[in-house]
Amino acid sequence: MQRRLRSLFISQPRPPQNLTEEWRKIPWGNKDRDLLFVSGYQPHNDELNQQRILLYGPTGSGKSSFINSVDSVLQGRVTVRAAADAISQESFTKKFRTYKIQKGGPGTFYPFAFTDIMGIEKDTNKGARVEDIKLAMSGHIKDGYNFNPVSKISEDDHKYNKIPTLNDHVHVLVCVVSATTSNILSAESVAKMREVRLAARDMGIPQLAILTKIDEACPEVNADIKNVYRSKYLKKRMEELNVALGIPLNCIFPVKNYHFEIDTDDDIDTLILSALRQIIYSGEDFVNNL
Ligand SMILES: Nc1nc2c(ncn2[C@@H]2O[C@H](COP(=O)(O)OP(=O)(O)OP(=O)(O)O)[C@@H](O)[C@H]2O)c(=O)[nH]1
Ligand SMILES: [Mg+2]
């Protein structure tokens, strides 16, 4: 009994039940280094005006919020350009729209842009159609196209781009999934997302995934975002995403989007920049290997 009591006193504090040893290292407090990289980035290929980054994923997963979050990090203030929605049962984003990010004064932009699309839904005639996402990847859809969940864009549509150039083509495909739902992604949604992924593979487009809402999914991360790579729960969600879609674990990035904050935060920024850096590297490699 005495020995047990003694061992209780000398035992080291153990991590809380839901946390474990850090399983991915991230340099917290080094945000300026990442910002410097992003602001200094110029595509090697001078025919490329900007990398085109296409976001896809289930309705409500945080695609539009991720675009706003990247914009917020780079502007140094919380911005809300791509409309996000809290209560919509169906995809809130209906239009195919590309967001450039302003760099310095008006009229100058970073050499990458995000294309936001309608969310994927499990029902056959709901949400973005896989055929449309494939056409978007090869640059056939022009900005402003209104997605029609029932039929794909026709070649006669004035938003159909018959002769896409390098700049219309997608250079990086990013799958956006919520950490609160990845284990219950329906089989139908997974099938649609996998089809998109295989089409991108055939076109050689690099692919990454963003796991959003990590604050909502894990109380320890909500208390301190720096627990992200110690969370057993998030590790499990990432492994599930890896198995469901086949995206390698080192291409999956957990982030917390800005959604209620009115000011930016260095740790939230660090995670977003860590994902953004990898997106930029991947797009650059793709264009250089074409
Ligand atoms: N807690 C939390 N909420 C988030 C996060 N990202 C997005 N949200 C919220 O989730 C809801 C849906 O986000 P959207 O960005 O509209 O999602 P979406 O993928 O663009 O959705 P559709 O356009 O409908 O396909 C909004 O209420 C956001 O504020 C996050 O990281 N954490
Ligand atoms: Mg949206």
Side-chain angles (χ1 to χ4, degrees), residues 51-70 82 84 91-93 96-99 112-122 127-138 141 147 169-214 217 228 234-257 271-272 274-283 285-286:
Q51 281 191 25
R52 187 181 284 273
I53 302 155
L54 179 74
L55 304 179
Y56 79 109
T59 294
S61 60
K63 298 175 290 299
S64 303
S65 301
F66 182 66
I67 297 175
N68 292 331
S69 298
V70 170
S91 187
F92 188 66
T93 304
F96 178 96
R97 185 168 165 198
T98 298
Y99 293 86
F112 49 83
F114 289 89
T115 300
D116 195 14
I117 61 171
M118 188 180 219
I120 285 182
E121 291 187 37
K122 68 178 172 51
R129 292 190 75 82
V130 171
E131 300 100 305
D132 281 338
I133 303 180
K134 289 187 194 170
L135 287 168
M137 287 195 282
S138 46
I141 299 191
F147 280 94
H169 203 280
V170 166
H171 309 107
V172 190
L173 181 70
V174 178
C175 167
V176 182
V177 174
S178 157
T180 58
T181 55
S182 73
N183 61 335
I184 48 158
L185 273 181
S186 66
E188 294 89 343
S189 300
V190 168
K192 286 186 184 178
M193 287 161 68
R194 180 116 186 109
E195 201 181 329
V196 172
R197 184 164 153 65
L198 295 182
R201 177 203 61 191
D202 294 342
M203 294 180 212
I205 300 174
Q207 306 176 41
L208 293 93
I210 301 284
L211 191 70
T212 58
K213 307 195 186 179
I214 56 174
V228 54
L234 291 181
K235 188 162 189 275
K236 195 155 171 279
R237 290 286 92 84
M238 284 168 64
E239 285 163 358
E240 280 167 2
L241 192 56
N242 162 255
V243 170
L245 296 178
I247 300 179
L249 278 172
N250 60 3
C251 294
I252 304 178
F253 293 84
V255 301
K256 188 201 124 32
N257 284 323
L271 281 185
I272 293 165
S274 156
L276 180 63
R277 259 179 91 113
Q278 208 49 49
I279 291 173
I280 294 174
Y281 283 139
S282 308
D285 286 347
F286 171 66

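- Between F66 and F114, the ring planes are perpendicular. Angles over 60° get that label, and only those under 30° would be called parallel.
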Checklist line | K236 and E239: CA distance, side-chain angles, deciding distance, salt bridge (Lys or Arg N to Asp or Glu O under 4.0 Å) verdict | finding: CA-CA 5 Å; K236 195 155 171 279; E239 285 163 358; over 6 Å; no
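- Of the listed residues (L234, T180, V255), just one forms a side-chain contact (heavy atoms from CB on, under 4.5 Å) with I214, and that residue is L234.
- The backbone N or O of K192 sits nowhere less than 3.5 Å from a side-chain atom of K122 that would complete a donor-acceptor pair.
- Put simply, CD on Q207 and CD1 on I247 are 6.5 Å apart, with the number rounded to the nearest 0.5 Å.
- Looking at Q51, its side chain never comes within 3.5 Å of a backbone N or O of V172 through a donor-acceptor pair.
- Using modelled atom types, one side-chain atom of K63 and one backbone atom of G57 make a donor-acceptor pair closer than 3.5 Å.
- Atoms OG1 and CD1, from T115 and I133 in turn, are 12.0 Å apart once rounded to the nearest 0.5 Å.
- Between V174 and I279 the shortest side-chain heavy-atom distance falls below 4.5 Å.
- Scanning both residues, L245 and C175, for their nearest heavy atoms gives CD1-SG, 3.7 Å.
- Scanning all heavy atoms of the two residues, the minimum distance from S61 to S178 falls at CB-N, 4.0 Å.
- Contact record, V190 with A244: CG1-O, 3.6 Å, taken as the closest heavy-atom pair.
- Side chains of S138 and M203 form a contact here, defined as non-hydrogen atoms less than 4.5 Å apart.
- With rounding to the nearest 0.5 angstrom, the CD atom of E188 is 12.5 Å from the CD1 atom of I120.
- Neither side chain, T212 nor N257, offers a donor N or O lying under 3.5 Å from an acceptor on the other.
- Not a single donor-acceptor pair under 3.5 Å links the side chain of R237 to the backbone N or O of L211.
- Between I205 atom CD1 and I53 atom CD1 the span is 12.5 Å, to the nearest 0.5 Å.
- Between Q278 and F253 the shortest heavy-atom distance is CG-CZ, 3.4 Å.
- Note that NZ of K235 is 8.0 Å distant from CG of L249, once rounded to the nearest 0.5 Å.
- Taking CG from L276 and CD1 from I280, the interatomic distance works out to 4.0 Å, rounded to the nearest 0.5 Å.
- Of the candidates I141, L55, L54, L54 is the only one forming a side-chain contact (heavy atoms from CB on, under 4.5 Å) with I117.
- Between M137 and Y56, the closest side-chain pair of non-hydrogen atoms is not below 4.5 Å.
- Under the 3.5 Å distance criterion, the side-chain polar atoms of D116 are left unmatched by any main-chain donor or acceptor of R97.
- Here T59 pairs with S91, E121 under the side chain to side chain contact (heavy atoms under 4.5 Å, CB included) rule; sequence neighbours left out.
- Between F147 and M118, the closest heavy-atom pair is CB-SD, 3.4 Å.
- Contact between G60 and K213 at its shortest, heavy atoms only, is O-NZ, 2.8 Å.
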